[in-house]
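Single-structure report; data block below.
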Amino acid sequence: MISAAGVRRSFGGVEVLRGVDLVVAPGEFVTLSGPSGSGKTALLSILCGFDFPDAGAVEPGPAAWSACAVLPQSLGLATELTLEENVALPLRLRGLATDPVARVLAELGIGDLGGRYPAQVSFGQQQRAALARAVVARPSALLADEPTAHLDAASAEAAIGVLRRVADDGAAVLIATHHDAVHAAADRVLELAGGRISSGLRRTTT
């Protein structure tokens, strides 16, 4: 589960998060909307343990962060590793087989680029590799910041399909995005405005 209760955070004397409450249940795909500067990245950073709130509580706590995958806007790919090696890294660190790497790369349309280094591919291809790295070890929680921002329509559709699959496999998935197609695939859309979660629209299927 991903949750925040009464989370507050200030930067330079300006309170960006003013008592944020949210819950994302296992198996739920939730998106977070809001204008640039509304605090979406700040909230994700706190939820994944990159930063700490001035007040309030979050889950997963430190004991569970090893099961939480994060896709930041900066991507964080290791430049000295190939795309395949980057994606395999979470598995190797846990002593797991790397068999899923080729499948996930192919699922995201970059199966033929595994032997290349990040500097040898486009930023959009790097973004897909970073998403592959985030999901390959089947996390119990996934937080991603604008995971389709640099993707064309077809690549974004593939990425959204992977995010949806991760949630359907039981993970709690929270995505900060401006992309309407990502919101359309979500179970709920939360809006962060004025430092608080102001709505939670539930999507319906036909």
Report task. Mark yes or no for whether D51, through its side chain, and A42, through its backbone, hold a donor-acceptor pair below 3.5 Å. Result ->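 No; zero donor-acceptor contacts below 3.5 Å.
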
Query raised in the report: Is a side-chain N or O of R196 found less than 3.5 angstrom from the main chain of R18, in a donor-acceptor match?
Result: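 Between the backbone of R18 and the side chain of R196 there is a qualifying donor-acceptor contact (under 3.5 Å).
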
Of all the heavy-atom pairs spanning [X] and [Y], show the shortest one and how long it is.
X	Y	result
L192	G39	CD2-C, 3.4 Å
A130	L75	CB-CD2, 4.0 Å
V136	P90	CG1-CG, 4.4 Å
A141	I2	CB-CG1, 3.9 Å
A185	I160	CB-CG2, 3.5 Å

Report task. Using a strict cut-off of less than 4.0 Å between a Lys/Arg side-chain nitrogen and an Asp/Glu carboxylate oxygen, indicate whether E15 and R9 qualify as a salt bridge. Result ->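 So E15 does not pair with R9 through a salt bridge.
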
Just so I know, are the side chains of [X] and [Y] near enough to count as touching, which here means a heavy-atom distance under 4.5 Å?
X	Y	answer
S33	H183	yes
L44	V70	no
V182	F29	yes
L142	L163	yes
L22	S3	no
V30	I175	no
R133	L77	yes

Does [X] belong to the same Ile/Leu/Val/Met/Phe/Trp/Tyr cluster as [Y], with side-chain heavy atoms less than 4.5 Å apart forming each link?
X	Y	answer
L143	V7	yes
L89	L91	no
V166	L96	yes
I197	V58	yes
L71	V24	no

Scan the side chains in residues 114-122 for donor-acceptor partners under 3.5 Å anywhere in the protein, sequence neighbours excluded, and list what turns up.
{"from": "Q120", "atom 1": "OE1", "to": "Y117", "atom 2": "N", "distance (Å)": "2.9"}
{"from": "S122", "atom 1": "OG", "to": "Q125", "atom 2": "N", "distance (Å)": "3.1"}
{"from": "S122", "atom 1": "OG", "to": "Q125", "atom 2": "OE1", "distance (Å)": "3.3"}

Validation: residues 147-159 side-chain donor-acceptor distances under 3.5 Å, sequence neighbours left out:
{"from": "T148", "atom 1": "OG1", "to": "H179", "atom 2": "ND1", "distance (Å)": "2.7"}
{"from": "D152", "atom 1": "OD1", "to": "A154", "atom 2": "N", "distance (Å)": "3.4"}
{"from": "D152", "atom 1": "OD1", "to": "S155", "atom 2": "N", "distance (Å)": "2.7"}
{"from": "D152", "atom 1": "OD1", "to": "S155", "atom 2": "OG", "distance (Å)": "2.9"}
{"from": "S155", "atom 1": "OG", "to": "R128", "atom 2": "NH1", "distance (Å)": "3.4"}

Query raised in the report: Among K40, H178, Q73, which one satisfies side-chain hydrogen bond (donor to acceptor under 3.5 Å, both in side chains) with E146?
Result: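 Passing option: H178.
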
Rounded distance [0.5 Å steps], [atom1] in [X] versus [atom2] in [Y]:
X	Y	atom1	atom2	answer
S38	L43	OG	CG	9.5 Å
S74	D145	OG	CG	9.0 Å
Q126	N86	CD	CG	9.5 Å
T177	L32	OG1	CG	9.5 Å

Please tabulate, for side-chain N and O atoms in residues 99-113, each donor-acceptor pair with protein atoms closer than 3.5 Å (sequence neighbours left out).
{"from": "E107", "atom 1": "OE1", "to": "R165", "atom 2": "NH2", "distance (Å)": "3.0"}
{"from": "E107", "atom 1": "OE2", "to": "R165", "atom 2": "NE", "distance (Å)": "3.0"}

Query raised in the report: By salt bridge (Lys or Arg N to Asp or Glu O under 4.0 Å), which residues pair with D21, not counting sequence neighbours?
Result: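 Salt bridge (Lys or Arg N to Asp or Glu O under 4.0 Å) check on D21 returns nothing, list empty.
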
Requested in this report: Only counting residues at least two apart or in another chain, list the ones meeting side-chain contact (heavy atoms from CB on, under 4.5 Å) with D168.
Outcome: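 So D168 forms a side-chain contact (heavy atoms from CB on, under 4.5 Å) with R164.
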
Query raised in the report: For residues 67-92, which residue pairs qualify under salt bridge (charged side-chain N to carboxylate O under 4.0 Å, His left out), counting only residues two or more places apart or in two chains?
Result: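 For residues 67-92: none.
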
Report task. Let me see the working for V87 and T98 under side-chain contact (heavy atoms from CB on, under 4.5 Å), right down to the final yes or no. Result -> CA-CA 9 Å; V87 175; T98 59; over 6 Å; no

